[in-house]
Novice: 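To start, I am sharing the structure in question, which I have written as C-alpha cells.
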2 protein chains.
Amino acid sequence: MEHTVTAVGVIDKAARVLAAVEERPLDLAALMVATGLPRATTHRLAVSLEGHGLLRRDPEGRFAPGLRLIALGRAAARALHLPEVARPALEALRDDTGESTQLYVREGDRRICVVSLESPHGLRTIVPVGASLPLDAGSAGHLLTGALDPTDGWVESVGEREPGVASVSAPVRSDDGQVIAAVSVSGPIDRIGAHPGTTHGPAVATAAARVEAALGRVSSDGPSSL
Amino acid sequence: MEHTVTAVGVIDKAARVLAAVEERPLDLAALMVATGLPRATTHRLAVSLEGHGLLRRDPEGRFAPGLRLIALGRAAARALHLPEVARPALEALRDDTGESTQLYVREGDRRICVVSLESPHGLRTIVPVGASLPLDAGSAGHLLTGALDPTDGWVESVGEREPGVASVSAPVRSDDGQVIAAVSVSGPIDRIGAHPGTTHGPAVATAAARVEAALGRVSSDGPSSL
DNA sequence: GAGCATAGTCCCACATGATGAGACTCTGGC
DNA sequence: GCCAGAGTCTCATCATGTGGGACTATGCTC
C-alpha cells in the first residue's frame, strides 16, 4: 500500500501505525508486519502513541485506536460545521425538486439526520433533525456504509425504510474519498415514482457536489481516490 | 498545561498540535502560541499532519482536526465493543433495581442509546436501542456534556425528558477522565420517587464502575484527572 | 518440569532526520 | 505605497530516532 511521505518521517511512521490498527487490534508482531517497521521502532512508536491516548491496549494486550481519537474525531466533525455549510445547497435542492431534502451523517452503525427541509406538498416525508435511522434501509444508509461507489453519483431506494416512500441520495466525500455525509431527496412513490433517481438523481448529485465545494479545503493533500 | 513526554519527541509535539486545535481552529501564529513551538517547527509538523489527514485547513486557512480523525475515532469506538462489554453490568443493575436500564454514548450534540434493558414492571420506560435524544434533558444527557463531575458519582433528573419519568445516571470514564458513556436507570416518578438518586444512585455508580473495570486497559498511561 | 519459540521490552552506538533562525514571498490594513 | 505579520522554505547543526541485539516473560509441547 502506498504511504504518504511528508517532511517529518516520524509522523509518517506514526500515521502508518494508526492506519494499521484501524481495521482491527494488532499485537506487536502483526503491527510490525502491517507497518513494515523493525520491532524496536514499532514498539517505541506504539508506546509513545499509547502515552498520548492515540492508541490503547485491548484486554488481550493488542494495540487498538485510543480514546483520544474519539474526542478528536468529534472535534473534527464539529469544526466542519457541516449542517450550516450544507444548508444552502439543500434549500436549493428542495426548491428545485419540490421534495423534502435531508443530510445524514454516520454514527456507529446508524445514521443521524443533521439537516431536514420539508417539501411544500401536503403529502411529504418528514424526518426530524436528530432522527437516528439504520444503515441497512434507505438510499442514504447504503451510501454511508461506504460500500457503494455509484457510477451515476447517486443511489435510489424504494419502500425500504418506510412503505410508500422512495429516496435518492448522493455522497458527500472528503478529498481522500471518504464518505462523510449523504444528501437525500425523499417523497411518496406515488409522486416521485419507482425510479426517482432518473428524475432527481442529477440534482441530488449536484447538491452533494455543492456541499463539497462549500466545505472548501477538506482534509489532506494526500492521495485521492476520486 | 502539563504535556505528556514519551520516548519520541516528535510524537509528543504532534500530540500537542492536535490538542491545540481540538477546541477551535487556529492559524499558524495562534498554533505557535498554543503549543509553545517555534514557527518553523509548528509549520512543519502541522503540514505533515495535514498530509496524513490528521489536520486540515478550514476555509479561512486555519488548522483544524482532519477528517481521518473521524474515521479513526469511529474505529476506536468500534474496537471498544462497549455495548457488549457493558451488557452484563446493565443486566445486573436491571435485576437489582427492577427498573429499565440504558447505556448512552454521545454523538455530536445528542446522545444515542446503545444498550436498553427493560424493567419487568407493567409500567416502565422504553427507550429503543438507536434512539437519539438531546443532551440538555435527562440525567444522562447532562453527564455526557462532560460539564458535570458529580461528587456522589451520579446525577438525577425528574420530568426533564418526559413528564412522569425520572432517571439516575453515572458516568463511564476512560483512564484519563473523559466521559465515554453514561449508565442510566429510569422509571415512573410514581414508583422511583422524586429523588431516585437516593435509592438507586449507588447501584448505578457501581454498575458504571463495573463497566469501567470490564473495559480493562482503556486509554493511556498518561496523566489522569481521576 | 524442561525446553523452545516467540512475545514484549529495553539498551546504546551511531546515523540521520528534525530543528529553528532567518530569508523570502504574500496579504491585508492603514 | 508602506508596513506588519501572515505563511513558506532553506540549510547548518546537533539532538533525537533508529534498529540490531540482549534480555525477560509467556505460552505451548512433550
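Proteins come first, then strands; the chains are lettered A, B, ... in the order of their sequence lines, and each starts at number 1.
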Novice: Whole-Å distance between D/dG21 P and A/Met32 CE?
Specialist: 13 Å

Novice: Rounded to the nearest angstrom, tell me the gap between atom NE2 in A/His43 and atom C1' in D/dA22.
Specialist: 15 Å

Novice: Regarding A/Ser132 and A/Arg110, do their side chains bring together a donor and an acceptor under 3.5 Å, going by distance alone?
Specialist: yes

Novice: Does atom CD (A/Glu23) have a neighbourhood of more than 12 heavy atoms from anything else shown, all under 6.0 Å?
Specialist: no

Novice: Can you tell me the distance, in whole Å, between the CZ atom of A/Arg62 and the C1' atom of C/dT6?
Specialist: 17 Å

Novice: To the nearest 10 degrees, how far apart in direction are the end axes of the helix from C/dG1-D/dC30 to C/dC30-D/dG1, each fit to five base pairs?
Specialist: 50°

Novice: Students often get this wrong, so: under 4.0 angstrom with heavy atoms, is A/Ala29 touching a base, only sugar-phosphate, or nothing?
Specialist: sugar-phosphate

Novice: Select one nucleotide: of D/dG20, D/dG7, C/dT9, the one nearest the side-chain heavy atoms of A/Pro38.
Specialist: D/dG20

Novice: Checking contacts here: which listed nucleotide (D/dG7, D/dG21, D/dT10) is nearest the side-chain heavy atoms of A/Ala40?
Specialist: D/dG21

Novice: Side chain to side chain contact (heavy atoms under 4.5 Å, CB included) for A/Met32 and A/His43? Distances and angles first, verdict last.
Specialist: CA-CA 8 Å; A/Met32 276 176 59; A/His43 184 262; over 6 Å; no

Novice: Please determine whether a side-chain nitrogen or oxygen atom of A/Lys13 lies at a distance below 4.0 Å from atom OP1 or OP2 of D/dG17.
Specialist: no

Novice: Which whole-number value in Å describes the distance from A/Arg16 CZ to D/dT18 P?
Specialist: 11 Å

Novice: Between A/Val10 and A/Leu45, is there a side-chain heavy-atom distance shorter than 4.5 Å?
Specialist: yes

Novice: Look at B/Arg57 and D/dT8 and indicate whether a side-chain polar atom (N or O) is within less than 4.0 Å of OP1 or OP2.
Specialist: yes

Novice: On DNA chain C, compare the nucleotides closest to A/Arg44 and A/Val10; which residue's is nearer the 5' end?
Specialist: A/Arg44

Novice: Hey, which of B/Val183, B/Val127, B/Val129 is the one that makes side-chain contact (heavy atoms from CB on, under 4.5 Å) with B/Gln102?
Specialist: B/Val127

Novice: Will you find, in the side chains of B/Ser119 and B/Ser100, an N or O donor that is under 3.5 Å from an N or O acceptor?
Specialist: no

Novice: Any donor-acceptor pair under 3.5 Å between the side chain of B/Arg39 and the base of C/dG20?
Specialist: no

Novice: If you assign each of A/Val47 and B/Thr41 to its closest nucleotide in DNA chain C, which residue comes earlier from the 5' end?
Specialist: A/Val47

